[in-house]
Amino acid sequence: MNRWLLKSEPDVYSWAQLVAEGETVWNGVRNNAARLNLRAMKVGDEAFFYHSNIGKEVVGICRISREAYPDPTDESGKWVAVSVQPVRKLPQPVTLAAMKAEPALADFQLIRQSRLSVVPVRDAEWELVLRMAGSV
DNA sequence: GCCAACGTTGGC
DNA sequence: GCCAACGTTGGC
């Protein structure tokens, strides 16, 4: 199973909204590297849900419930979406500042390429962030 | 095919 | 509000 991190500005779409809805279409991604990541996702893969701009922290874990399909908001047919469902909220959010301060996360793509909105997470990084969240 | 100009994202 | 990073566009 692969792990990922999905970014969302909480004033556009927040963790609380995902929990309330039970599932959402992750659409609107218009970046090539992000598209490759979306296409690599499998049903059952887990992803951190990260609040960008406001909060700047990982707040929860979600799961891919449907693999890449044409983004319904894209008329060109070029871009893809996936569906995601909430799994659980982290006991404590893990801030970007805390992750930047952690030497073991120096290569985390969230930090290395801050503008990418769909990012792969290595197993060791996943475990460490969970520990920082007071989970595990 | 190169590269300057410009637009967007996201942290600070 | 500013700026760095980086992707895209368009002229040549």
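What you see is a predicted model; the values in this text were computed from it and never measured. Letters go in sequence order (proteins before strands), and every chain restarts at 1.
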Assign A:Asn31 to base, sugar-phosphate, or nothing according to its heavy-atom contacts below 4.0 angstrom with the strands shown.
sugar-phosphate
Would A:Arg112 count as a cation-pi partner of A:Phe108, with NZ or CZ less than 6.0 Å from the six-membered ring centre and within 45° of the ring normal?
no
Integer-rounded Å distance: B:dG11 P and A:Lys7 NZ:
5 Å
So does A:Gln113 get a side-chain nitrogen or oxygen closer than 4.0 Å to the phosphate oxygens (OP1/OP2) of B:dG10?
no
Quick check: does any side chain N or O of A:Asp45 sit under 3.5 Å from a backbone N or O of A:Lys42, one acting as donor and the other as acceptor?
yes
Protein-nucleotide distance (A:His51, atom NE2; B:dG11, atom C1'), rounded to Å
17 Å
Take the protein atom CZ of A:Arg115 and the nucleotide atom C1' of C:dC3, then report the distance between them rounded to whole Å.
12 Å
Just call it for A:Leu116: base, sugar-phosphate, or nothing, with non-hydrogen atoms closer than 4.0 Å on any strand.
nothing
When you check the gap from the basic side-chain N to the acidic O, do A:Arg30 and A:Asp71 get nearer than 4.0 Å?
yes
Check the phosphate of B:dT9 against A:Tyr50, side-chain N and O only, distance under 4.0 Å to OP1 or OP2. Yes or no?
no
Under 30°, 30 to 60°, or over 60°: which ring-plane class applies to A:Trp126 and A:Phe48, parallel, tilted or perpendicular?
parallel
Rounded to whole angstrom units, what separation is found between the NZ atom of A:Lys78 and the P atom of C:dT8?
7 Å
Taking only side-chain N and O atoms of A:Lys100, does any of them lie within less than 4.0 angstrom of OP1 or OP2 on B:dC12?
yes
Between CG of A:Leu110 and C1' of C:dA5 the distance, given in whole Å, is 14 Å
To the nearest angstrom, the CE-P distance between A:Met99 and B:dG10 comes to 14 Å
Specify the separation, in whole Å, of atom CG of A:Leu6 and atom P of B:dG10.
12 Å
Could you state the CD-P distance from A:Glu9 to B:dT8, rounded to the nearest angstrom?
13 Å
